[in-house]
Amino acid sequence: MSEYDPATIERKWQARWAEAAAFRVAAADPGRRRFYALEMLPYPSGRIHMGHVRNYSIGDAVARFRRMRGEQVLHVIGWDAFGLPAENAAIQNGAEPRAWTLDNIDTMRAQLKRLGIGYDWSREVATCLPEYYRWNQWMFLRMLERGIAFRARRMLNWCDSCGTVLANEQVVSGRCWRCDNPVLRREFDQWFLRITDYAQELLDGIDALPAWPDRVRTMQRNWIGRSEGATVRFPVDGGDDRIEVFTTRIDTIFGATYVALAVEHPLVATLARGTAQEKAVAEFVAAESSRSVEDRFGETAAKVGVFTGRHAVNPFSGASIPIWVANFVLTDVGTGAIMSVPAHDERDFAFARTHGLPVRPVVRAADASAADAGLPFVDDGVLFDSGPYDGLASAAARARLTAIAEEKGFGARTVTFRLKDWGVSRQRYWGTPIPVVHCEKDGIVPVPDAQLPVVLPDDAPLTGVGGSPLAQLPAFVETTCPKCGGPARRETDTMDTFVDSCWYYFRYCDPHNARAPFDWAAVAPWFPVDLYIGGIEHATMHLIYTRFWTKVMRDLGLASIDEPVTQLFTQGMVIKDGAKMSKSKGNVVDPDAMIERFGADTTRLFSLFAAPPERDLEWSDAGIEGCSRFLGRLWRTFDRARAALPAPGTPPPPAAGEGGALDLRRKTHRTVRRITDDLGPRMHLNTPVAAVMELLNAVAPVAAEEPVLPGPAWALREAFETIAKVLAPFAPHVAEEIWEALGHPAFVADASWPEPDTVLLLDEDVLLVIQINGKVRGKLTVPRGLGEEAALAAARADAHVAAHLSGKTIRKSVYVPDRLLNLVAS
Ligand code: ANZ
């Protein structure tokens with residue numbers, strides 16, 4: 001008898017899979033259903049962590065299952081290989097970013113192979129290699145030609161500690177998403193991608209993604225932040241200036257008691273000039289500009305402001321109201337200026353109270369009983385003290401007032417989005433060089449396609465201070481203008497690394513293309529991606545950018561789909577002692593140590609078994625030990641029984657249809673049905689493991705019989721063959737080993753998924769409880785798995801139930817298969 005020896009088994013099967021290139025996909029086969037299983041590509045930080053193990057175990061389980069069901073499965077991995085940590089390692093310990101990154105990739109690739117994930121390794125992509133990033137550059141140039149990429153001077157988020165600008169998405173509660181330092185606002189010349197042109201389409205497209213989690217869809221909707229309203233221009237007293245405000249509540253305009261400008265609003269600099277407030281305004285602006293984003297705009301930030309000394313005229317009422325500068329008005333939302341209506345807006349109300357500004361109610365509840373709700377009254381209602389519009393309902397008033405503003409030329413219906421153009425410039429080294437040059441004569445000149453890639457030099461000085469490292473490298477910077485041949489300077493900004501992850505999974509489908517990012521003919525059969533698995537933290541940034549990029553590629557004629565991913569699955573985190581595993585908390589469990597101690601199969605099994613995949617998984621030593629014991633027990637049970645099993649392909653003897661043999665066969669087939677359901681779009685990946693454990697419990701006593709008679713022996717072979725197959729997506733090595741020992745020369749990974757025998761499923765009877773209006777009126781013996789219609793028919797056929805239903809109509813029926821039929825009748 002042999003002991004379960006995962007190290008030997010796993011090495012053996014990993015070598016065989018590699019030798020046979022078992023998971024290689026040459027080209028899409030038009031004759032088969034295809035399945036593209038995709039996991040978010042890792043950043044090569046050095047070593048894989050348990051979150052990776054979980055992510056890839058989920059993906060591999062589904063991929064292997066689909067493959068066994070006869071589908072052609074594409075399953076690839078790559079490396080999101082540009083980014084700050086490589087640069088920081090260079091600054092801290094003199095590592096060379098390229099070598100550091102490629103070393104890490106080697107380490108992590110070996111780790112993934114030790115886990116036995118079934119990837120097509122011939123399609124691996126690393127985004128830091130010129131053969132990949134040249135196509136970032138190429139697509140950037142196409143976007144530049146179409147005005148999708150553009151350069152502008154804008155207020156941006158600046159992280160002092162990372163020394164770079166950040167996209168809005170990279171500012172989390174006013175802090176840098178990476179280093180957690182407070183973010184500042186600074187003005188820069190930057191490269192942008194016009195994602196706002198796609199805002200409406202990105203929003204509408206969410207409706208076409210029913211297989212994305214509602215949570216992600218909501219987060220994307222909020223991120224895009226569409227808001228419908230009007231712009232209205234308020235003339236400034238004593239001059240030609242006009243302040244344009246954006247409001248969603250033009251119905252409250254008669255209640256506006258002041259106008260408020262963002263600190264960065266262009267009129268702030270001039271309005272106060274010559275008034276008694278000039279000095280106060282200048283001081284306020286200076287103080288606010290030096291405060292962090294969180295101090296200025298955070299939830300708890302004090303709402304402060306200063307009077308400009310000037311007034312504006314309400315174009316509807318003619319009232320003259322003071323103009324303030326206020327920190328709560330955001331520069332890049334709407335027009336950067338608002339009309340404040342304290343009686344109907346919380347924030348305006350608080351600010352008015354603090355600064356002694358008047359509160360003027362103009363809308364009251366339509367329903368008199370709610371009239372004494374107090375101020376501010378923020379709901380829609382009926383207008384009063386609003387001149388000719390008194391008595392109009394809010395919605396009607398908005399339509400009417402907007403139309404009048406348009407007619408008279410001082411306003412317009414307007415839709416604004418919270419989504420801003422994507423700032424893609426980074427003053428960092430380890431990223432894709434932006435492929436343009438600056439020529440004194442010709443201005444910004446694109447690098448011609450023939451000169452791509454603009455290769456990132458290896459020898460930039462990395463100190464972490466003094467701006468872009470590339471700018472300090474004359475050999476890189478000094479070049480000639482492709483247009484006039486005169487001296488020019490290369491752009492030294494690199495691209496945000498979120499560019500890299502926008503389209504890597506298109507490249508997986510055509511990874512070695514040297515003439516184009518990819519050939520759509522090679523990609524189309526795999527798209528849209530059937531299942532994309534990753535963390536919820538990518539709900540907005542990556543998953544919005546990649547949707548945008550897909551639409552841009554479509555418009556460039558590179559692809560012909562609107563949405564790249566059919567089903568998105570967001571897996572939960574791996575936590576220990578109640579917190580996400582992290583070095584700083586010292587609660588990290590190293591996957592390699594687990595593989596070393598228990599084997600890859602156990603490690604994978606635990607990461608799937610311990611929690612539903614969408615939930616957080618609490619690490620437990622006892623749990624992984626339990627999985628290890630289960631595989632050990634499986635192996636020993638099999639090893640003891642194998643001598644008694646009939647040869648492969650032996651037809652069932654009549655005795656396989658009786659007694660204990662029949663019971664085991666039923667259990668086997670029921671297990672198949674359960675696991676098949678669980679591995680479908682429902683993604684209940686934790687329960688199959690439990691089902692296999694139960695099946696093993698049924699197997700053990702049969703295997704222990706002395707001697708094993710022909711009927712049970714046949715049922716045992718069927719059970720072990722089934723276990724090998726249904727365990728293959730989860731614990732593929734031990735599954736291969738058992739499959740081979742059962743006498744099969746080919747991989748279990750290539751075996752066909754078992755089909756349950758419906759006769760064996762239906763033969764099993766269950767007790768179905770029939771309730772009518774909450775009372776138990778019958779208990780029927782019915783076959784397991786009975787459908788709702790058949791259950792209802794069976795219930796009606798029962799005399800006692802029929803008596804309680806006579807003369808009544810069934811209004812509602814709730815059916816819990818194999819358990820309960822609950823009828824509401826009257
Ligand atoms: C007057 C008003 C009266 C408003 C009222 C609300 C209630 P959403 O729906 O989130 O888009 N606003 C406009 N631009 C702003 C800016 N740059 N910074 C801060 N606030 C701004 O919000 C739209 C409302 O947010 C607008 O409608 C405006 O206040 C404010 F009873 O105008 B409202």
Side-chain angles (χ1 to χ4, degrees), residues 154-155 168 185 196 199-200 203 218 221-234 243-268 288 293 296-299 301-305 312 314-317 319 321 323-353 357-365 373-386 389 393-395 397-398 401-402 405 411-420:
R154 294 219 178 146
M155 285 305 282
N168 283 348
R185 300 286 289 172
T196 51
Q200 188 64 49
L203 183 66
T218 304
R221 280 198 191 94
N222 291 342
W223 191 263
I224 295 167
R226 183 180 197 273
S227 113
E228 238 173 77
T231 46
V232 181
R233 280 184 294 279
F234 284 61
I243 295 173
E244 186 173 64
V245 306
F246 171 71
T247 176
T248 48
R249 292 295 306 275
I250 195 173
D251 54 311
T252 65
I253 197 162
F254 281 79
T257 58
Y258 58 99
V259 164
L261 306 179
V263 172
E264 286 87 9
H265 193 283
L267 282 178
V268 169
E288 283 299 310
V293 172
R296 286 177 66 184
F297 308 114
E299 284 289 308
K303 311 278 177 275
V304 291
N314 184 327
F316 278 101
S317 69
I321 55 179
I323 305 170
W324 283 64
V325 183
N327 70 341
F328 66 82
V329 184
L330 305 173
T331 312
D332 47 14
V333 171
T335 59
I338 64 170
M339 63 172 203
S340 284
V341 187
H344 302 294
D345 180 86
E346 301 277 2
R347 214 175 32 188
D348 295 350
F349 185 77
F351 190 85
R353 279 285 140 92
L357 292 156
V359 177
R360 186 172 193 274
V362 291
V363 176
R364 68 164 164 264
L375 289 178
F377 173 73
V378 299
D379 297 337
D380 276 7
V382 175
L383 272 59
F384 67 98
D385 282 350
S386 296
Y389 312 102
S394 285
R398 284 194 284 273
L401 291 165
T402 306
R413 193 186 101 85
T414 307
V415 173
T416 65
F417 291 92
R418 183 172 167 259
L419 183 72
K420 296 299 146 211

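Only a predicted model underlies this, so the values are computations on that prediction, with no experimental measurement involved. Just follow the structure's listing: the first ligand is 1, and inside any ligand the first atom is 1.
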Look at [atom] and say which protein heavy atom is nearest, naming residue and atom and giving the distance to 0.1 Å.
atom: atom 28 (C) of ligand 1; value: Phe246 O, 3.7 Å
atom: atom 19 (C) of ligand 1; value: Phe328 O, 3.5 Å
atom: atom 6 (C) of ligand 1; value: Asp345 OD1, 3.6 Å
atom: atom 27 (O) of ligand 1; value: Thr248 N, 3.0 Å
atom: atom 11 (O) of ligand 1; value: Ser227 OG, 2.6 Å
atom: atom 33 (B) of ligand 1; value: Thr247 OG1, 3.5 Å
atom: atom 31 (F) of ligand 1; value: His344 O, 2.8 Å
atom: atom 3 (C) of ligand 1; value: Thr252 OG1, 3.4 Å

side-chain contact (heavy atoms from CB on, under 4.5 Å), that's the test. Do Val333 and Arg418 meet it? Break it down for me. CA-CA 7 Å; Val333 171; Arg418 183 172 167 259; 5.6 Å; no
What is the ring orientation for Phe328 with Phe351, classed by angle as parallel under 30°, tilted 30 to 60°, or perpendicular over 60°?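 Aromatic pair Phe328/Phe351 classed perpendicular.
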Would you confirm whether Tyr258, through its side chain, and Asp348, through its main-chain N or O, come within 3.5 Å as a donor-acceptor pair?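 Pair found, side chain donor or acceptor close to backbone of Asp348.
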Quick test of your reading of the structure: of Arg249, Arg347, Glu346, Met339, whose heavy atom lies closest to atom 5 (C) of ligand 1?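 Considering heavy atoms of Arg249, Arg347, Glu346, Met339, the nearest to atom 5 (C) of ligand 1 sits in Arg249.
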Judged on heavy-atom distance to atom 16 (C) of ligand 1, which of Leu330, Val232, Val245 sits nearest?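 Result: the heavy atom closest to atom 16 (C) of ligand 1 is in Leu330.
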Could you tell me which non-hydrogen atom of Phe316 sits nearest to which non-hydrogen atom of Ile250, and how far apart they are?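 Residues Phe316 and Ile250, closest heavy atoms: CE1-CD1, 4.2 Å.
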May I ask you to say whether Asp380 pairs ionically with Arg398, meaning some side-chain N is under 4.0 Å from a carboxylate O?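 Salt bridge present between Asp380 and Arg398.
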In terms of side-chain geometry, is the basic nitrogen of Arg185 or Asp332 positioned less than 4.0 Å from the acidic oxygen of its partner?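 A salt bridge is present here (some side-chain N lies under 4.0 Å from a carboxylate O).
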How does [X] reach ligand 1, by side chain, by backbone, by both or by neither, if only non-hydrogen atoms under 4.0 Å count?
X: Ile338; answer: side chain
X: Arg418; answer: neither
X: Val333; answer: both

Interfacing atoms of ligand 1 (cut-off 4.0 Å, heavy-atom, Val329):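 Answer, ordered by atom number: 16 (C), 17 (N), 18 (N), 19 (C).
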Can you list the atoms of ligand 1 that are under 4.0 Å from a heavy atom of Val341?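 Listed by number with element: 3 (C).
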Once rounded to the nearest 0.5 Å, what's the spacing between atom [atom1] of [X] and atom [atom2] of [Y]?
X: Ser340; Y: Phe349; atom1: OG; atom2: CZ; answer: 13.0 Å
X: Asn314; Y: Ile321; atom1: CG; atom2: CD1; answer: 5.5 Å
X: Leu383; Y: Ile253; atom1: CG; atom2: CD1; answer: 11.0 Å
X: Thr335; Y: Glu244; atom1: OG1; atom2: CD; answer: 6.0 Å

